[in-house]
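Some notes on the structure that comes next.
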Amino acid sequence: MRTRADSELIGFAFLGSCFLLFYFHQGIRLDESFFLDSFLTFNMVFISILLEALPFVLLGVMISGVIQVFVSEEQLSKFIPRNKFLAIIMSCLVGALFPACECGIVPIVRRLVGKGMPLFAGVGFLLTGPLINPLVIFSTYMAFGEDTKMALLRMVLGLIIAMMITAMICALFQQNQLKLTKNSFNSNGPEQQVKQPLPTRLRAMIEHAIDEFFDMGKFLIIGAILAAFVQTFIATKSILDLGNGLVGSTLVMMGLAYLLSLCSEADAFIAASFDHLLPKTSLLGFLIYGPMLDLKNTIMLLSVFKFRFVMTLTILITVTVLAVLLLAHPMI
């Protein structure tokens with residue numbers, strides 16, 4: 001009978017073979033007449049989305065493993081202020097300093113909430129991490145021709161919106177909204193972990209990261225397939241034609257950000273290509289909404305949190321982003 005370790009080894013070998021095949025694809029000559037152009041485009045987009053997201057997911061599961069093995073509930077409770085207002089501010093600010101994408105942040109937040117972090121604090125970390133970390137702000141500055149204003153607007157408005165959503169989650173949900181899966185909680189108590197020798201804990205960290213990677217990876221693949229389908233078979237122009245006026249164009253750009261599921265470190269360059277076609281308020285809708293919520297990370301969130309919570313969070317993000325941008329439009 002095949003052991004769990006054998007299955008994990010086979011899985012890693014298969015994944016590595018896929019990466020090598022893609023890397024050396026130029027040396028492989030296939031008659032493209034066997035494939036439809038649309039399939040080739042779909043395949044290219046799917047692989048690019050997957051390769052773009054996987055490094056951040058790997059980083060996320062490694063950090064999740066560190067939290068699981070080396071951080072106890074008592075240490076985490078000391079880190080979070082008891083005052084809810086201060087906890088909201090702290091979670092959003094800490095998330096803003098952490099360079100993660102919307103996919104890589106999900107396993108980290110699941111582990112933090114599973115370890116005892118308040119749900120609303122996890123949401124603050126979830127929203128600001130992919131949105132206003134230093135890499136994202138710098139890429140925004142460069143994409144818009146070294147425009148400091150757009151970078152600052154994304155950072156300031158994004159932080160305000162994240163704090164508002166975090167505060168509403170704090171008021172609406174008092175209990176843990178995690179799904180109970182085999183990896184949701186640690187089987188050993190924090191006292192047992194502390195007593196274990198360092199090599200044992202390092203091995204446990206790696207094993208946990210592997211489990212988490214395969215657990216989250218399948219949902220990332222599903223999300224990447226859906227996002228690649230949208231990018232391949234739905235013309236961007238047809239989506240943009242749906243928006244009329246400030247409200248319509250902002251909603252369309254938010255919808256486009258959701259469907260394209262771009263990495264937050266690169267989405268500013270796509271938004272900049274619409275700079276002469278749409279108002280900056282609509283562009284900010286694209287830049288702020290996408291890192292908070294997109295197609296592939298919705299799939300991942302549904303795998304981690306209860307359906308009602310994810311739907312509530314989706315509505316709150318959508319309404320809050322649109323409302324704040326419309327109110328701030330005269331200053332933009």
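Note that the structure is predicted; figures quoted are calculated from it, not measured. Heavy atoms only: backbone and side chains are in, while hydrogens, waters and symmetry mates are out.
Remark: Phe138 CZ is loosely packed, at most 12 non-hydrogen atoms of other residues, nucleotides or ligands lying under 6.0 Å away. Residue Lys280 places its NZ atom among more than 12 non-hydrogen atoms of other residues, nucleotides or ligands, all under 6.0 Å distant. In the displayed structure, Gln174 atom CD is contacted under 6.0 Å by more than 12 heavy atoms of other residues, nucleotides or ligands.
If you take CG on Leu251 and CG on Leu256, they are separated by 12.5 Å, rounding to the nearest 0.5 Å. Atoms CD1 and CG, from Ile63 and Leu112 in turn, are 9.5 Å apart once rounded to the nearest 0.5 Å. Interatomic distance, CG of Leu301 versus CD1 of Ile105, reported as 11.0 Å (0.5 Å rounding). Atoms CD1 and CG, from Ile161 and Leu316 in turn, are 12.5 Å apart once rounded to the nearest 0.5 Å. Taking NZ of Lys149 as the start and CD1 of Ile332 as the end, the distance is 8.0 Å to the nearest 0.5 Å. One distance of note links CG of Leu126 with OG of Ser91; it measures 10.5 Å at 0.5 Å rounding.
Taken together through direct or relayed side-chain contacts under 4.5 Å among Ile, Leu, Val, Met, Phe, Trp and Tyr, Phe219 and Met311 form part of one hydrophobic cluster. Two different hydrophobic clusters hold Leu287 and Tyr141 under the rule that ILVMFWY side chains link at heavy-atom gaps under 4.5 Å. When the side chains of ILVMFWY residues are joined at heavy-atom separations under 4.5 Å, either directly or via intervening members, Leu326 and Ile165 end up in a single hydrophobic cluster. Under the 4.5 Å side-chain heavy-atom criterion for grouping Ile, Leu, Val, Met, Phe, Trp and Tyr, Leu325 is not connected to Val319 through any hydrophobic cluster. Each of Leu159 and Val136 belongs to its own hydrophobic cluster when Ile, Leu, Val, Met, Phe, Trp and Tyr are linked at side-chain heavy-atom distances under 4.5 angstrom.
With a 4.5 Å cut-off on side-chain heavy atoms, Leu260 and Asp267 do not count as touching. In this structure, the side chains of Ile160 and Met163 stay at 4.5 Å or more apart for every pair of heavy atoms.
Nearest heavy atoms, Ala209 versus Met62: CB-SD, 3.6 Å.
Not a single donor-acceptor pair under 3.5 Å links the side chain of Thr232 to the backbone N or O of Phe229. Proximity of a side-chain donor or acceptor of Ser64 to a complementary backbone N or O of Arg111 within less than 3.5 Å is not detected. With hydrogens and angles disregarded, no donor-acceptor distance shorter than 3.5 Å links the side chain of Thr320 to the backbone of Ile317. At least one donor-acceptor pair under 3.5 Å links the side chain of Lys179 to the backbone N or O of Leu302. Proximity of a side-chain donor or acceptor of Asn133 to a complementary backbone N or O of Gly129 within less than 3.5 Å is detected.
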Asn176/Leu119 under side-chain contact (heavy atoms from CB on, under 4.5 Å): CA gap, chis, key distance, verdict: CA-CA 6 Å; Asn176 191 317; Leu119 178 65; 5.7 Å; no
side-chain contact (heavy atoms from CB on, under 4.5 Å) between Arg308 and Thr312, worked out: CA-CA 6 Å; Arg308 176 174 170 267; Thr312 303; 4.2 Å; yes
Stepwise salt bridge (Lys or Arg N to Asp or Glu O under 4.0 Å) test for Asp294 and Lys296: CA-CA 6 Å; Asp294 64 24; Lys296 65 179 186 295; 3.5 Å; yes
From CA spacing to verdict: side-chain contact (heavy atoms from CB on, under 4.5 Å), Leu313, Phe173: CA-CA 11 Å; Leu313 182 63; Phe173 294 93; over 6 Å; no
Step-by-step side-chain contact (heavy atoms from CB on, under 4.5 Å) determination, Val321 to Thr250: CA-CA 10 Å; Val321 170; Thr250 304; over 6 Å; no
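Between Tyr258 and Tyr289, the ring-plane angle classifies as tilted under the 30° and 60° cut-offs. The aromatic rings of Phe42 and Phe46 sit parallel, their planes meeting at an angle under 30°, below the 60° perpendicular limit.
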